[in-house]
**Q** 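Please see the structure below; I have some questions.
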Amino acid sequence: MKHDVQMALLDRMVELRKRGRDQRANGGISHLSLDPYTNQEILDRELETVFSDCPFVAGHVDRVRKPGQYMLSDWNHQPYVVVRGNDGVLRAFMNTCRHRGAPLVERERDEPLRAFVCPFHGWTYGLDGALSGMPCAFAFPGINKQDLGLKELPVTESTGLVWVHPKEDGPLAPIEDLGCFSEDFEHFALDRYVRYKKTVTEKKANWKLLIQLNLEGYHVAAVHRNTLAKGYGGFLDHDAEGAHLRILAAKAHLMDSVRMPKEETNLLDFVQLLYFLFPNTIIIINEHAFSMLRFFPVAPDRTLYSYELVYLPDRYGGESGQQSLRNRFIYGGVVIGDEDFAMAEKVQRNLHNGVNDTHMLGQEEQLVLFFHESVNKWIGSGPSGQGTR
Ligand code: FES
Ligand SMILES: [Fe+2]
């Protein structure tokens, strides 16, 4: 993020604090229907629209820098494989054999691929997706191999992130799509980072319930009372680019920035910065390391959660560097996993007990409504909340 943008955002945060305004709220109190957390038909609609029509972040580019390197989808609903070809071109294919549908690659390994060899009957595809061989080819008289290449999906790399569109002819333009946020990513030079580790676990809560914990700071004092709360300055600010959000969380010592010479001031020293990339990715930016959280619905009350940490290698050299990465990974996992998502799972369990017909959102929680409204625009349903604005 450019320094002048950093300083403008910091000034804005300081002004908000001075005015005693907790958050640039989007309105008054609103009430969210509980159906979007429990209803299978709504999830089906989300899968048909949000998760079929929106480009999404497949991962960090570090996994696919060299020919043969690849990354796999974490989610059976969209089984793709992204691979760097011998010609240096990045391609994405459905990870499904054209003979009888077996998955071609089942596990992400460090060794690069030389070809896709189907484990069922041995059909072979080049890294460009072309069918190059089949055992006992005489058993398939008259077929045209050229018609049997892997199904390709649009893919692009941009500012360190790999983007895929779930439809064969879907438009993919992340730079335009992210607006000024893509400039931020460029300045953070995310493409110079490397992956430390990634974990994928299943959470027993609706995907939106998990994501929205990152869209409000109201829960921090209670849920994170022994961890994040000590360093939290008590309010958020945000900017939107379409359905994407840049969220700034004040750190406790935000006002110390006022005494710093501007040239020496770094936004990240005073503000926790995170991005919500619609529909399902959160990127938390820290100095020299960032975390990527992605959420994939499996059922109305079950979600695959992928957590990945990437870092700048020159800043984490030697054993002490590795130790601090280990700590960062565990801390992120404990804070996010054990505190946030455990609460989401408890809320999910209470959705059916009849106590609440709706969930209430106060002024500090209005980005949750913004998120639900973004989803609803895609699925084409009515307003998700009833406001009192
Ligand atoms: S399903 Fe792949 S070769 Fe038969
Ligand atoms: Fe949280």
Side-chain angles (χ1 to χ4, degrees), residues 23 79-81 93-106 113 115-126 129-140 143 145 147-151 201 203 205-236 238 245 247-252 271-276 281-286 291-295 303 305 307 328 330-348 359 361-362 364-365 367-368 371:
Q23 192 169 348
Y80 61 80
V81 51
F93 302 108
M94 291 301 286
N95 184 14
T96 302
C97 181
R98 298 299 308 281
H99 174 218
R100 282 168 55 193
L104 297 162
V105 194
E106 292 191 82
L113 290 173
F116 296 105
V117 182
C118 179
F120 198 172
H121 310 93
W123 283 26
T124 303
Y125 304 83
L131 177 61
S132 54
M134 49 175 65
C136 309
F138 55 81
F140 296 89
I143 64 158
K145 277 196 199 164
D147 296 336
L148 291 169
L150 298 178
K151 287 282 180 207
T201 48
K203 301 293 172 197
N206 183 269
W207 67 283
K208 299 181 293 297
L209 214 44
L210 297 167
I211 284 180
Q212 66 204 36
L213 276 152
N214 294 280
L215 307 183
E216 49 96 354
Y218 188 44
H219 72 282
V220 172
V223 170
H224 304 302
R225 61 189 166 283
N226 298 319
T227 50
L228 293 178
K230 291 172 195 150
Y232 179 47
F235 71 100
L236 304 182
H238 73 275
L245 291 166
I247 297 176
L248 304 125
K251 291 188 177 174
V271 166
Q272 174 67 63
L273 180 63
L274 64 99
Y275 294 83
F276 168 51
T281 301
I282 305 273
I283 295 184
I284 301 173
I285 307 280
N286 287 300
S291 310
M292 189 148 63
L293 289 57
R294 295 182 304 138
F295 302 85
T303 301
Y305 162 55
Y307 169 58
R328 191 178 273 283
I330 292 166
Y331 183 74
V334 170
V335 170
I336 294 163
D338 289 1
E339 296 183 345
D340 273 340
F341 300 148
M343 182 55 71
E345 291 182 342
K346 289 176 197 169
V347 170
Q348 182 80 38
H359 281 172
L361 299 171
E364 292 185 42
E365 300 162 284
L367 287 184
V368 175
F371 169 44

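Counting starts at 1 for both ligands and their atoms, in listed order.
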**Q** Does some side-chain heavy atom of Ile284 sit less than 4.5 Å from a side-chain heavy atom of Gln272?
**A** yes

**Q** I'd like to check the ring-ring contact (aromatic ring centres under 6.0 Å, His included) partners of Tyr307; sequence neighbours left out, ordered by chain and number.
**A** Phe329

**Q** Compute the ring centroids of Phe371 and Phe276, then answer whether they are less than 6.0 Å apart.
**A** yes

**Q** Closest heavy-atom contact between His219 and Leu213?
**A** CE1-O, 3.0 Å

**Q** Less than 6.0 Å separating the ring centroids of Phe341 and Trp207?
**A** no

**Q** Can you tell me if Tyr232 has over 12 outside heavy atoms packed within less than 6.0 Å of its OH?
**A** yes

**Q** Return the orientation label for the His99 and Trp123 ring planes: parallel under 30°, perpendicular over 60°, tilted otherwise.
**A** parallel

**Q** Holding to side chain to side chain donor-acceptor pair (under 3.5 Å), I want the full list of residues that pass it with Asn214, two or more places apart in sequence or in another chain.
**A** none

**Q** Relative to each other, are the rings of Tyr305 and Phe295 parallel, tilted or perpendicular (30° and 60° limits)?
**A** parallel

**Q** I need the protein N, O or S atoms closer than 2.8 Å to the Fe ion (ligand 2), given as residue plus atom name.
**A** His219 NE2, His224 NE2, Asp340 OD1, Asp340 OD2

**Q** For atom 2 (Fe) of ligand 1, count the protein N, O or S atoms found under 2.8 Å away.
**A** 2

